[in-house]
Amino acid sequence: MPRLHIIGGCRLAGTVKISGAKNSAVAVIPAALLTAAPVRLENLPNIHDIQVLVEILRFLGVKTVWENATTLLIDASKIEKTQAPYELVKKLRASYYFMGALLGRLGEADIPVPGGCDLGPRPIDQHIKGLVSLGAQVDVEHGLIKVRADKLVGAHIYLDVVSVGATINIMLAAVRAEGKTVIENAAKEPEIVDVANFLNAMGAKIRGAGTDVIRITGVKELGGANHCVIPDRIEAGTYMIAAAATGGDVAIEDIIPKHLDPIIAKLREMGITVEVGDDRLRVLGNTTPQAVDIKTFPYPGFPTDMQSLVMVLLTQAQGSSIITENVFEGRFKHVDELKRMGARIKVEGRTAIVDGRTQLSGAPVRATDLRAGAAFIIAGLIANGETIISDIHHIYRGYENICGKLTSLGAKIKEVP
Ligand code: EPZ
């Protein structure tokens with residue numbers, strides 16, 4: 001299995017271009033099944049999750065053509081199957097979006113219970129609650145979630161938990177349901193707005209995406225559309241933290257700065273200079289940032305996906321920091337590995353106390369999930385000596401060409417067999 005080899009001690013400098021948002025792309029690709037007309041998706045990130053989703057589309061009998069590295073044409077005029085194959089589905093949790101999309105298009109779907117990262121329990125009860133409210137029959141047997149609906153009828157759905165996946169999945173089924181659907185306590189992530197914009201371009205009637213109340217009026221048919229996926233705010237945040245941690249000077253391009261507000265605010269609170277332009281920003285790191293407290297929350301709070309990354313930066317801060325993980329239980333699996341690199345971190349339940357001014361030292365570590373893997377890369381960049389990261393398939397699921405982009409910024413990182 002390939003691993004990443006990193007030699008620490010370099011300051012990152014230069015310019016990096018951000019790719020399309022993974023968490024939007026993994027939803028708009030299944031959403032394309034809601035129409036029999038051709039769809040063109042642009043600015044898709046070239047990452048493993050997207051390749052798996054395209055394989056699933058092809059398995060279902062849907063025609064797909066890559067027009068170039070980031071533009072995909074989808075023709076779902078004919079869908080031959082409504083069951084996605086387990087060996088593909090288990091690779092990514094977002095395959096649950098095929099439930100809403102196939103239900104909306106054909107009134108049925110058989111999706112294996114989703115896999116994905118190891119972030120502790122990741123139920124989909126809110127997805128099921130929403131689909132059942134719209135009139136679907138949901139049975140789970142032999143590891144398959146079987147959803148059926150003779151007719152989908154709009155409903156008033158109140159989410160018990162602010163869930164990105166449930167909000168999007170319900171939207172996918174509701175756009176062609178008869179009548180009005182209201183989703184209350186909806187998630188407000190930019191990726192949800194992006195999916196809603198794509199569906200509206202296809203002729204859906206969605207209002208309020210990005211707020212906690214989304215109103216949908218069902219339509220009989222959806223047409224084709226062109227859609228350009230928004231930039232990946234978590235990939236951008238990753239390079240911001242890498243620049244700050246290495247005391248570097250990095251320009252990050254092709255972004256929507258508004259989506260990065262919580263990260264920009266926290267870096268500035270730490271005393272790091274962030275210059276913001278229209279579609280780019282520049283981070284000037286300093287190697288002794290101030291300690292700050294971080295609480296992760298659904299958007300527009302500080303993103304849980306940035307938690308492991310900012311933890312690495314805080315090991316270098318002046319003083320001790322408190323990180324509270326409010327979104328996922330068990331999203332501290334990266335702490336043990338960071339402690340093996342010399343970090344001084346104490347976990348108590350949902351809280352981690354991070355001591356600063358700690359010289360990290362390179363070590364062999366194993367990526368447990370996508371963002372933990374990215375955190376180990378940043379730790380490797382600032383550690384003394386060499387770091388070897390295994391299980392890097394997690395990282396390739398969500399970061400396009402991370403070795404190439406970091407190397408162009410001066411990092412000493414390469415894939416080794
Ligand atoms: C999405 O996951 C993202 N993945 C995650 O990014 C991200 O961390 C998460 O949203 C939060 O922002 C994709 O978009 C593909 P949730 P999702 O439903 O939708 C609980 C990454 O690194 N919950 O918003 O699965 C759940 O357990 C990945 O890119 C229920 O209880 O997250 C969690 O505690 C990691 N019941 C909380 O809600 C449900 O039915 C938020 O989960 C659904 C969720």
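Just so you know, ligand 1 is whichever comes first in the structure, and atom 1 is the first atom listed for that ligand.
Which parts of ligand 1 touch G165 is read off a 4.0 Å heavy-atom cut-off, strictly below it: atoms 18 (O), 19 (O). Contact atoms of ligand 1 toward R371: 21 (C), 22 (O), 29 (O) (distance under 4.0 Å to a heavy atom of the residue). Atom numbering of ligand 1 starts at 1 in the shown order; those under 4.0 Å from a heavy atom of L370 are 21 (C), 22 (O), 29 (O). The contact set between ligand 1 and I124, taken as ligand atoms under 4.0 Å from a residue heavy atom, comprises 39 (C), 40 (O). Within the listing of ligand 1, atoms 17 (P), 19 (O), 25 (O) sit less than 4.0 angstrom from a heavy atom of Y96. The distance from ligand 1 to the heavy atoms of Q126 drops below 4.0 Å at these ligand atoms: 36 (N), 39 (C), 40 (O). Residue contact check: V327 has heavy atoms under 4.0 Å from atoms 33 (C), 34 (O), 37 (C), 41 (C) of ligand 1. Set against the non-hydrogen atoms of H127, the atoms of ligand 1 under 4.0 Å away are 40 (O).
Ligand 1 has no atom lying under 4.0 Å from any heavy atom of A166. Residue R331 places a heavy atom under 4.0 Å from ligand 1. Distances shorter than 4.0 angstrom do not occur between any heavy atom of F297 and any atom of ligand 1.
Distance check, rounded to the nearest 0.5 Å: NE2 of H259 to CD of E191 gives 7.5 Å.
Of the polar atoms of A94, none of the N or O atoms is found under 3.5 Å from an N or O of ligand 1, judged by distance alone. Inclusion of Y97 in the set of residues having an N or O under 3.5 Å from an N or O of ligand 1 is not warranted. Remark: ligand 1 and T304 share no N or O pair separated by less than 3.5 Å (distance only, no angle test). For ligand 1, none of its N or O atoms has an N or O atom of V26 under 3.5 Å away. Inclusion of K22 in the set of residues having an N or O under 3.5 Å from an N or O of ligand 1 is warranted.
A salt bridge links E348 to K346: at least one charged side-chain nitrogen sits closer than 4.0 Å to a carboxylate oxygen. A salt bridge links R40 with E67: at least one charged nitrogen is closer than 4.0 Å to a carboxylate oxygen. A salt bridge links K129 to D160: one of the charged nitrogens lies within less than 4.0 Å of a carboxylate oxygen. Remark: D336 does not engage K333 in a salt bridge, criterion side-chain N to carboxylate O under 4.0 Å.
Using a distance-only test at 3.5 Å, with no hydrogens or angles considered, a donor-acceptor pair links the side chain of D232 to the main chain of K22.
Aromatic ring centres of Y96 and H127 lie closer together than 6.0 Å.
Between the side chains of R366 and S390, no donor N or O sits under 3.5 Å from an acceptor N or O. If you check the side chains of H227 and N43, you find no donor sitting under 3.5 Å from an acceptor.
When non-hydrogen atoms are compared, ligand 1 lies under 4.0 Å from the side chain of R93 (C-beta onward) but not from its backbone. At a heavy-atom cutoff of 4.0 Å, ligand 1 is contacted by the side chain of D305 but not by its backbone.
With W66 as the partner, the side chain to side chain contact (heavy atoms under 4.5 Å, CB included) test is satisfied by one option alone out of T71, L44, L73: L44.
Cation-pi contact between K81 and F59: present, with separation from the ring centre below 6.0 Å and deviation from the ring axis of at most 45°.
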